[in-house]
There are 2 protein chains.
Amino acid sequence: MEEKDVTIYDIARELDLASSTISRALKNDPKVKLKTRNKVHQMAQKMGYQSNPFARSLRNKRSYLIGIIIPRLTNHFVSSAISGLEDMLSIKGYNIIIGQTYGQIDKEISALKMLMDNRVDGLLVSLSDQTKSPEHLDPFTKKKIPLIYFDSVPDITDSSVIVIDHAQAAYIATKHLIEAGCKKIAHVTTGISHGICADKYAGYKKALLESNKRLKEELLVFEDLGSIESGKHVADHILKMNKPPDGLFFENDHCAAGCIAGLKKGGLNIPKDIAVVGFNDEPVATLIDPNLSSISYSGYEIGRVAAQNILLQIENPEMPKISKTVLPARLVIRESSIR
Amino acid sequence: MEEKDVTIYDIARELDLASSTISRALKNDPKVKLKTRNKVHQMAQKMGYQSNPFARSLRNKRSYLIGIIIPRLTNHFVSSAISGLEDMLSIKGYNIIIGQTYGQIDKEISALKMLMDNRVDGLLVSLSDQTKSPEHLDPFTKKKIPLIYFDSVPDITDSSVIVIDHAQAAYIATKHLIEAGCKKIAHVTTGISHGICADKYAGYKKALLESNKRLKEELLVFEDLGSIESGKHVADHILKMNKPPDGLFFENDHCAAGCIAGLKKGGLNIPKDIAVVGFNDEPVATLIDPNLSSISYSGYEIGRVAAQNILLQIENPEMPKISKTVLPARLVIRESSIR
DNA sequence: TTGTAGGCGTTATCAA
DNA sequence: TTGATAACGCCTACAA
């Protein structure tokens, strides 16, 4: 007793019109008389018509799908960005399809393959920290699929990017630690060779060099810094150090918070023994005791801007594709760095 | 200079075969000679062939899409469940499409509409707390689209469900608070009239009644309890109470953690003044000081089981559709409830 | 074992 | 302003 889906043919038959007229009426083509259009819409409603996205995509050679590559969904910044994206895209009739990389390049590659298989019309990418250069995105640029990087972007690219000034943010954060009297400020990072991590490092370094005593840099490099768990590993490491730092600048709040928890468990006092600044101003920043100072910027806003840009590129294939949008970020000072 | 996508016709021409043979070879139909099959696969590879999902879906009347309805992605339990789902589904060639409800029924409805528009082949639903009875899912059952509830399930349903025993879990949690010496144990909930919240309430109630002194129930009802922020509101509320409780049983760890932070800021000692137990054993449970006792169960496992069940139903349309899978949960005791 | 042919539902082109 | 028709790429009866 399977009921078949209603098609434009069924509506056409019912209204004694041609299917092409129905098709036009349904998309409010002004070539169709207003009266006819209304009739069609009513009948469609009444018969419970739903346009078939596959037929439409097959015919139009467009999927109305935007692919999104991000490190991890559990990040509050990321899910805010996706909210912003979705809010913008859904009103334009686009759906999103998400690929998580967990900061790993191999997952990034397989996620991109999945998106390619699904024939996304556009691509929004926040790179994994492991990604040195985004050659694995060449298939998309070759097929002229609009591509925009956001937040975690490559050093050199022909695509548009939407970012905050990571170097500047890191500079402010580090300077703040210096002013708090820290003498040995470590930067906890996944690496400083490329991408936004390199930017953060540059800002950190600049602040150190500008300081009175030209403080020396001190890097704590770990593969994964995206989770609370990873922060505990960092804490374990620090607790074992001979001369631990008295200031820490993290590239991620979850990790910073996990580290604070670990350091406290190890008997240290935050911020007295070690002052801490994080990045992204996640909700955990105000959970941990002491509350975490952090670099704050709006994921939602980045998402909105990214969505607007990608839609622009999709609808205007001839548009210049290189632009750089820099959004503001600021330091929120809380107890973890006041002393 | 737009390069066209290669189709099975292109391969057919190249190999001097019929398109139908290519189609069959590509899906390893044993009716095609092995040698031919190999040839086809090689050529497909070489020409960079990618099957067109729209043509396939149009023809097969299947989207290879599974819809997923969940309260919020930022929940670690939820994202674990989705990991489990994705791991299972992707090997079978299915993609997922996610709708977030933020615990609100109107968003649940619009998310479902979106999934219907996208013609999902199956539906996995964790209800919002606001959902009393899932009539808005009727369109799916009417179209015989396989539907499985997981975690947050309706009281009565003809569909399969995958859950933990929420009542039992709540019972254990409450009993633990009683044994810790709490005399006034409040249950923080979004409501007790229906769904898993009703189950939790039942377990809570049972433990109270079984106690020596037949403790009285004490409900703190709030609309939203899904975030750290919401927990701070709960704390504000408790701090203003005349006779605040000395034990709290939450239905969500984020909320519990936020509340602990708020209560501490208000000068209370946890667990001395108030002992706390949460639900879901999220990473924040070990961030907050004192660490949060919580009911622990595997989202990943629930996701895996849900995926298997839905695939079974999709591939065997004649299968009985009602089954109930109950997965284990346990109480993890940490400092927030030890005194 | 392989080929032929028709159709899935929509839209664009062309003609009326 | 509307209608007829072909095409998008794939799959599957049926025929060979």
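Sequence lines set the chain letters: A, B, ... in the order given, protein chains first and strands last, and positions in each chain run from 1. We use all heavy atoms of the structure for the numbers below, so side chains are in, but hydrogens, waters and symmetry mates are not.
Distances shown here put a side-chain N or O of B/Lys61 below 4.0 Å from the OP1 or OP2 atom of C/dG9. For D/dA7, the OP1/OP2 oxygens have no side-chain nitrogen or oxygen of B/Tyr9 closer than 4.0 Å. Residue A/Thr36 places at least one side-chain N or O under 4.0 Å from the OP1 or OP2 atom of D/dT2.
Side chains of B/Asn118 and A/Asn95: a donor on one and an acceptor on the other come within 3.5 Å.
Paired with B/Met43 under the rule side chain to side chain contact (heavy atoms under 4.5 Å, CB included), one option of B/Asp10, B/Leu15, B/Val6, B/Leu17 passes, and it is B/Leu15.
The distance between the ring centers of A/Tyr64 and A/Tyr94 falls below 6.0 angstrom.
Minimum atom distance to the side chain of B/Arg59 is reached by D/dT12, of the listed D/dT12, C/dT2, D/dC8.
The nearest whole Å value for the distance from the CG atom in B/Leu15 to the P atom in C/dT2 is 11 Å. Rounding to whole angstrom units, CG of residue B/Leu58 and P of D/dC11 are separated by 11 Å. C/dG9 atom C1' lies 14 Å from atom CG of B/Asn52, rounded to whole Å. Distance, B/Arg119 CZ to C/dG9 C1': 9 Å, rounded to whole Å. Rounded to an integer number of Å, the gap from B/Asp16 CG to C/dT2 P is 12 Å. Separating the CD1 atom of A/Ile11 from the C1' atom of D/dT2 is a distance of 16 Å, rounded to the nearest angstrom. The distance from atom CG of B/Asp5 to atom P of D/dA7 is 19 Å, rounded to the nearest whole Å. Atom CD of A/Gln50 is separated from atom P of C/dG9 by 13 Å (rounded to the nearest Å).
Within 4.0 Å of B/Phe54, counting heavy atoms only, lies no atom of the nucleic acid at all. At a threshold of 4.0 angstrom between heavy atoms, the contacts of B/Ser57 with the nucleic acid are absent.
Judged purely by atom type and a 3.5 angstrom limit, B/Ser110 uses its side chain to pair as donor or acceptor with the backbone of B/Lys107.
Using a cut-off of 4.0 Å between Lys/Arg side-chain N and Asp/Glu carboxylate O, B/Lys61 and A/Asp5 are scored as not salt-bridged.
No more than 12 heavy atoms of other residues, nucleotides or ligands shown are found within 6.0 angstrom of CD1 on A/Ile156.
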With side-chain contact (heavy atoms from CB on, under 4.5 Å) as the test, would you mind laying out the steps for A/Thr131 and A/His136 before giving the verdict?
-> CA-CA 10 Å; A/Thr131 304; A/His136 45 307; 3.4 Å; yes

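Of the residues in residues 17-33 of chain A, those placing a heavy atom less than 4.0 Å from an atom of DNA chain C are A/Ser20, A/Ser23, A/Arg24, A/Lys27, in numerical order.
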